[in-house]
Amino acid sequence: MKNALALLFICIVSFFGVAGITASFAQAQPPEFVVYSVWGTQQSPIIAYPGADGLPLTLQVTYIGPVTLYDVNISYAPSFPISSIDGQGNLSLFVPELSPGQEVSFAGFFNVNAHSKDMAYNQTLTVSYKVLVQVPQLGEELLSGKENVSFKVPIIGNYSIKLAGYRTLPLTLYSGMYAGGVTVFLTNDGNVAAKDVNITANFKDPLWPLNPSSNKAFLSYLPPGDVVNITFPFGITYGSNVPSAINSTVILNVKTLASSYNFTLPIEVKPAAYFQISGYNYAKMTPGASDEYVNVNITNVGGSNAKFVTVTLMYNPIFTPYSPSSENPIIGAYSINETFYNIQSNKTFTVSYVVSVASGIKPSTYYLPLLISWKQPPTMQTMYQIIDVPINVSSYSLFDGLQGDILYMVAGIVIVILVIMAVYGLRRK
């Protein structure tokens, strides 16, 4: 092979002269190289993916032949979608002598553009070299050459974020609830980790985030195959005094450096019972009074029936359940609860309590709080509502507590006194 090359060069020199040897040699039989790339190392390969930073890339260069090369410089200037990390620049390798069949390798750290696709990208490696040839009358000469070698770098890693499911908190939302939550389950269906994932829950009216940041979440790392759950709390606004059923949506936006996903989550608020005061009456309330009755009419104005309705008189500083000292405390506590099996929509029922009024308070309007709890069909979820009954506490007068004959007798005495005073006044005139 070498004798054939020498003979070829003699012919080239005779025809072109020494000045044309380099170009003619390259046209006659240029050196042949094969380049193989692997992310990581051959022993520990990794997968490159869009948006990756600082991944190691190893290039293995095999020289096929045909002759020994000298002063070999191998350089790699990456092109889209690959770029060198800051401060590294292009890769280069110097080999003093390179024989046919010899392999060399070198490595560097590179970034992958976030907008790359799942494919193998063409890259170019440049090899400059010198080759020793025998030239008649001149002896041995080093001729320079350069080859551009194409090879491929695979970007086959990808992440695919999917919505695995979602649920509301509680599982069933009923009208009358002023807050709830939605829990989303996200998974990475790809083969590499998704990094810097921003998640935003965009609530449609009448739903709204409970605070300005409660509808946002950030995941620095989502490995392939993992499932994460994130809960976004929200408030509910009703268009009238009587809460009604609602159909709304949440648009879940999941955004990474390279991709953006939108998922639509239907949110349903089902009809439920809802209670309002439709009437009430009570005895005259004065500071320090005790054993006074309160009757309250309550109507279910909601769009559904209520099961096992219990109305409880709540303890508060102004009104307390009246309990005679001789009464069993357990019986006294039981008297603050009244239970009804079923209250249909638009049905009114009445509860009655006996209370004592705190002493030392100023005459004013105070509120008697009643806690209503029930089981909401069809899920029989426990629901709660507090209603306040306005009670007017007036000042104590001389005639408070006087009843029957005593009151009439006092009134008669007052009338007699007034008559005497009138007659006495006339006589003086």
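In what follows, every heavy atom counts, from backbone to side chain, and hydrogens, waters and symmetry copies are set aside. Since the structure is predicted, the reported quantities are computational estimates derived from the model, not experimental observations.
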>> Assess, by modelled atom type and distance only, whether the side chains of Ser213 and Asn211 contain a donor and an acceptor separated by less than 3.5 Å.
In response: yes

Report all side-chain donor-acceptor pairs from residues 173-193 shorter than 3.5 Å, counting only partners two or more places apart or in another chain.
| from | atom 1 | to | atom 2 | distance (Å) |
| --- | --- | --- | --- | --- |
| Tyr174 | OH | Thr379 | OG1 | 2.7 |
| Ser175 | OG | Ala272 | N | 3.0 |
| Thr183 | OG1 | Thr231 | OG1 | 2.7 |
| Thr187 | OG1 | Asp226 | O | 3.0 |
| Asn188 | OD1 | Ser160 | N | 3.2 |
| Asn188 | OD1 | Gly190 | N | 2.9 |
| Asn188 | ND2 | Val192 | O | 2.8 |
| Asn188 | ND2 | Leu222 | O | 3.0 |
| Asp189 | OD2 | Lys162 | NZ | 3.1 |
| Asn191 | OD1 | Asn158 | N | 2.8 |
| Asn191 | ND2 | Ile156 | O | 3.4 |

> How long is the gap from CG on Leu252 to OG1 on Thr249, to the nearest 0.5 Å?
Replying inline: 11.5 Å

> Between the side chain of Asn215 and the main-chain N/O of Ala201, is any donor-acceptor distance below 3.5 Å?
Replying inline: yes

>> Would Glu97 and Thr68 count as a side-chain hydrogen bond (donor to acceptor under 3.5 Å, both in side chains) here? Give the steps.
In response: CA-CA 7 Å; Glu97 183 177 325; Thr68 300; 5.0 Å; no

>> Under a plain distance cut-off of 3.5 Å, with no hydrogens placed, do Gln42 and Thr58 share a side-chain donor-acceptor pair?
In response: no

>> Measuring from atom CG of Leu57 to atom OH of Tyr76, what distance do you get when rounded to the nearest 0.5 angstrom?
In response: 6.0 Å

> What is the ring orientation for Phe80 with Tyr121, classed by angle as parallel under 30°, tilted 30 to 60°, or perpendicular over 60°?
Replying inline: perpendicular

> In a check of ring-ring contact (aromatic ring centres under 6.0 Å, His included) between Trp374 and each of Phe308, Phe275, Tyr384, which one passes?
Replying inline: Phe275

>> Taking salt bridge (Lys or Arg N to Asp or Glu O under 4.0 Å) as the definition, give me every residue that meets it alongside Lys270, ordered by chain and number, with sequence neighbours left out.
In response: Glu268

>> Working to the nearest 0.5 angstrom, can you tell me the gap between Leu210 CG and Phe232 CZ?
In response: 12.5 Å

>> Looking only at side-chain N and O atoms, does Tyr159 offer a donor or acceptor that is under 3.5 Å from a partner on Thr256?
In response: yes

>> Side chains of Ser92 and Ser75: any donor to acceptor distance under 3.5 Å?
In response: no

> Regarding Ser345 and Asn300, is there a side-chain donor-to-acceptor distance under 3.5 Å anywhere?
Replying inline: no

> Does the side chain of Asn253 pick up a donor-acceptor pair with the side chain of Ser260 at under 3.5 Å?
Replying inline: yes

